[in-house]
Amino acid sequence: MTLLKSLKLSAAFVAAIATSAAVLSAEARELRGWNIHVEDYPVSHGMEAFVKEVSEKSNGEITGKVFHGGVLGSQPDAIEQTRLGVIDFGVFSLGPMGQVVPEANVVSLPFIFKSVPQMYELMDGEAGAALSKGLEAKGIVALGYYDAGARSFYTSVKSIQEPEDLTGMKIRVMNNDLFVGMVDSMGGNATPMAFAEVYQAIKTGVVDGAENNPPSYESTNHFEVAKFYSLTEHLIIPECLCMSKKTFDALTPEQQDIVREAGRNSTALQRELWQKREAASMAKVEEGGVAVNKVEDKAAFQAAMAPVYDAFLAQNPDLVDLVDLFRNAQ
Ligand code: BDP
């Protein structure tokens with residue numbers, strides 16, 4: 001196809017989307033929701049509750065369907081599609097979101113939060129509002145920040161007790177340059193890869209391991225092929241229940257209020273379900289023969305992250321204040 005032809009086609013495509021968003025308030029339309037997780041997962045239940053509440057409170061004017069299991073595409077693609085309004089809503093990790101929204105990277109800095117309760121507090125306050133503003137500037141409305149616990153390393157080879165244990169290990173990371181720097185600074189070799197490919201990659205030895213929270217480690221069955229789970233808890237990355245700004249702007253003010261309220265309620269529900277699922281997932285992987293180890297010297301991992309912070313702050317001088325807002329919080 002010639003460049004001119006493809007430009008014309010994509011212009012027509014964008015125009016069609018714009019029209020469909022504009023008529024949203026005039027006639028009922030089923031919103032399409034992207035979700036990477038399996039149906040029985042806290043994120044998935046949170047999204048279903050959101051859709052149900054919005055549909056009930058709008059008297060069926062706004063309905064929605066959640067497509068679970070990543071069938072609408074990979075996370076980076078889905079983020080783009082949501083910005084365009086092709087996908088109406090989704091739950092995105094702020095990890096991959098950082099490639100599009102620079103502010104989101106601040107919560108992908110290793111050890112930026114002191115604990116999950118502190119993450120709730122910050123994300124529900126001024127700091128979270130600053131991130132929401134960054135998202136909105138890129139066409140995404142944040143309706144709430146879900147819990148995704150803390151991420152820790154797992155490998156098929158051995159337990160990780162100190163950063164040096166990662167030396168020479170191939171570790172899968174999410175799609176964001178920050179995570180490549182993180183693993184490299186700990187001595188490992190980072191391999192960015194789509195979530196859906198990790199199980200096979202570990203099984204066939206393409207990578208030695210990955211890192212994730214207990215529910216994802218368990219629900220993907222990664223624990224079957226990587227039996228050493230080391231609780232480094234190096235990343236606490238919240239997830240965003242997000243709506244396309246194109247979709248949101250096409251709603252009436254009353255409908256927008258309903259969507260915002262349902263977003264808050266689904267966030268509260270998801271956080272509650274998350275706590276329970278984390279405990280259940282840990283029990284399941286331990287029953288499945290995983291060797292779980294606490295990491296005594298987390299400070300060593302933290303210290304290894306100094307170059308990651310230095311490089312990030314040097315490359316993003318305009319984000320220094322936001323980083324400080326998070327890292328100086330008590
Ligand atoms: C999970 C997140 C999901 C990510 C996945 C990953 O919920 O959004 O895609 O990790 O590692 O914890 O790719």
Are the charged groups of E80 and R83 less than 4.0 angstrom apart, N to O?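 Answer for the salt bridge query: yes.
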
[X] and [Y]: side chain donor to acceptor below 3.5 Å:
X	Y	answer
Q275	D147	yes
R151	N213	no
D184	N189	no
Y229	T155	no
Q99	N175	no
H234	E211	yes
Q255	E61	yes
Q270	W274	no
D88	S244	no

Minimum heavy-atom distance [X]-[Y], with the two atoms named:
X	Y	value
S44	N35	OG-ND2, 2.9 Å
L313	V323	CD2-CG2, 3.8 Å
A148	E239	CB-OE2, 3.3 Å

Out of the candidates E39, H37, E48, only one should pair with H68 under the side chain to side chain donor-acceptor pair (under 3.5 Å) rule; please name it.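 Option passing the side chain to side chain donor-acceptor pair (under 3.5 Å) with H68: E48.
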
Check the pair V107 / F326 against side chain to side chain contact (heavy atoms under 4.5 Å, CB included), numbers first and verdict last. CA-CA 8 Å; V107 291; F326 280 90; 3.7 Å; yes

For M169 and V207: C-alpha separation, side-chain torsions, deciding distance, then whether side chain to side chain contact (heavy atoms under 4.5 Å, CB included) applies. CA-CA 8 Å; M169 283 230 219; V207 295; over 6 Å; no

Would you kindly confirm whether I237 and V198 end up in one hydrophobic cluster when ILVMFWY residues are joined by side chain heavy atoms under 4.5 Å apart?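 Cluster IDs for I237 and V198 differ.
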
Find out if a path of hydrophobic residues (ILVMFWY) with successive side-chain heavy-atom gaps under 4.5 Å connects V51 to I140.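 Different clusters.
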
Treating [X] as the side-chain partner and [Y] as the backbone partner, does any N or O pair qualify as donor plus acceptor under 3.5 Å?
X	Y	answer
K57	A262	no
T167	E164	yes
S266	F50	no
R271	Y145	yes
Y217	A226	yes
Q302	F111	no
S185	V308	no

Connecting only ILVMFWY residues whose side-chain heavy atoms lie within less than 4.5 Å of each other, what is the rest of L269's hydrophobic cluster?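 Answer for L269: L273.
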
Using the salt bridge (Lys or Arg N to Asp or Glu O under 4.0 Å) rule, take R277 and E218 through it: C-alpha gap first, then chi angles, then the decisive distance, then the call. CA-CA 10 Å; R277 179 61 176 260; E218 171 261 312; 3.0 Å; yes

Got a sec, which residues hit salt bridge (Lys or Arg N to Asp or Glu O under 4.0 Å) with K170, two or more places apart in sequence or on another chain? none

